[in-house]
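Starting from 1, each residue takes its place in the sequence as its number.
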Amino acid sequence: MARIRRSSEQTLEYKIEQAEAKVAKTREAHEKAVDELKKLYDIRKAYQRDELLKAMKNSSRSYEEILAFITSGETSEDEQNRTE
């Protein structure tokens, strides 16, 4: 079976076409993976929101106390340093 010789320009164009096809396929896979990751983040966020609401419901603290704590900007480390 005889091979057809391609000129260097034809070879270059062929390689470019192959690389473009590979990039397109990779891009599709990347976009699909990113969409899946976003969905998983949304599921996690909804789970955390439900967990937080449940904790607030079962808390002995009032809504105002919880809101003041959340918006105060202090962490438990800040509180510990202040009491030491």
Side-chain angles (χ1 to χ4, degrees):
M1 186 177 251
R3 285 190 170 182
I4 300 173
R5 285 192 157 239
R6 296 184 182 191
S7 70
S8 61
E9 187 175 326
Q10 287 175 327
T11 303
L12 179 60
E13 289 301 317
Y14 176 77
K15 287 181 179 180
I16 289 172
E17 288 173 11
Q18 295 299 312
E20 287 174 342
K22 187 175 181 179
V23 167
K25 186 175 179 180
T26 304
R27 183 179 297 125
E28 289 174 20
H30 175 264
E31 290 173 357
K32 184 177 177 181
V34 167
D35 288 343
E36 179 67 20
L37 182 59
K38 286 179 182 179
K39 287 178 188 176
L40 292 171
Y41 281 146
D42 289 343
I43 291 169
R44 180 176 69 180
K45 190 174 184 177
Y47 176 76
Q48 289 173 337
R49 182 177 32 250
D50 292 344
E51 202 173 25
L52 182 60
L53 289 173
K54 184 178 176 182
M56 287 174 55
K57 181 181 175 185
N58 295 330
S59 175
S60 61
R61 307 279 184 180
S62 71
Y63 170 80
E64 289 78 18
E65 289 173 317
I66 294 170
L67 190 59
F69 174 74
I70 292 171
T71 58
S72 71
E74 288 187 356
T75 64
S76 58
E77 288 179 13
D78 293 338
E79 289 179 9
Q80 288 176 352
N81 291 338
R82 205 175 50 209
T83 59
E84 290 177 354

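Rounding to the nearest 0.5 angstrom, the gap separating the CD atom in E20 from the CD atom in E17 is 7.0 Å. Here CD1 of I66 is found 11.5 Å from OG1 of T71. Values are rounded to the nearest 0.5 Å.
For S62, the side chain to side chain contact (heavy atoms under 4.5 Å, CB included) partners two or more places apart in sequence, or in a different chain, are E64, E65.
Side-chain heavy atoms closer than 4.5 Å link hydrophobic residues (I, L, V, M, F, W, Y) into clusters, and following such links, even through other members, never connects I43 to L37. Hydrophobic clustering, with ILVMFWY side chains joined whenever heavy atoms are under 4.5 angstrom apart, keeps L53 apart from Y47.
Within the hydrophobic cluster formed by Ile, Leu, Val, Met, Phe, Trp and Tyr side chains joined at under 4.5 Å, directly or through other members, V34 stands alone, with no partner residue. Side-chain heavy-atom separations under 4.5 angstrom define the hydrophobic clusters, and the remaining members of the one that includes L12 are I16.
Between the side chain of S59 and the backbone N or O of M56, no donor-acceptor pair lies under 3.5 Å.
Looking at heavy atoms from C-beta onward, E28 lies out of side-chain contact with K32 at the 4.5 angstrom threshold.
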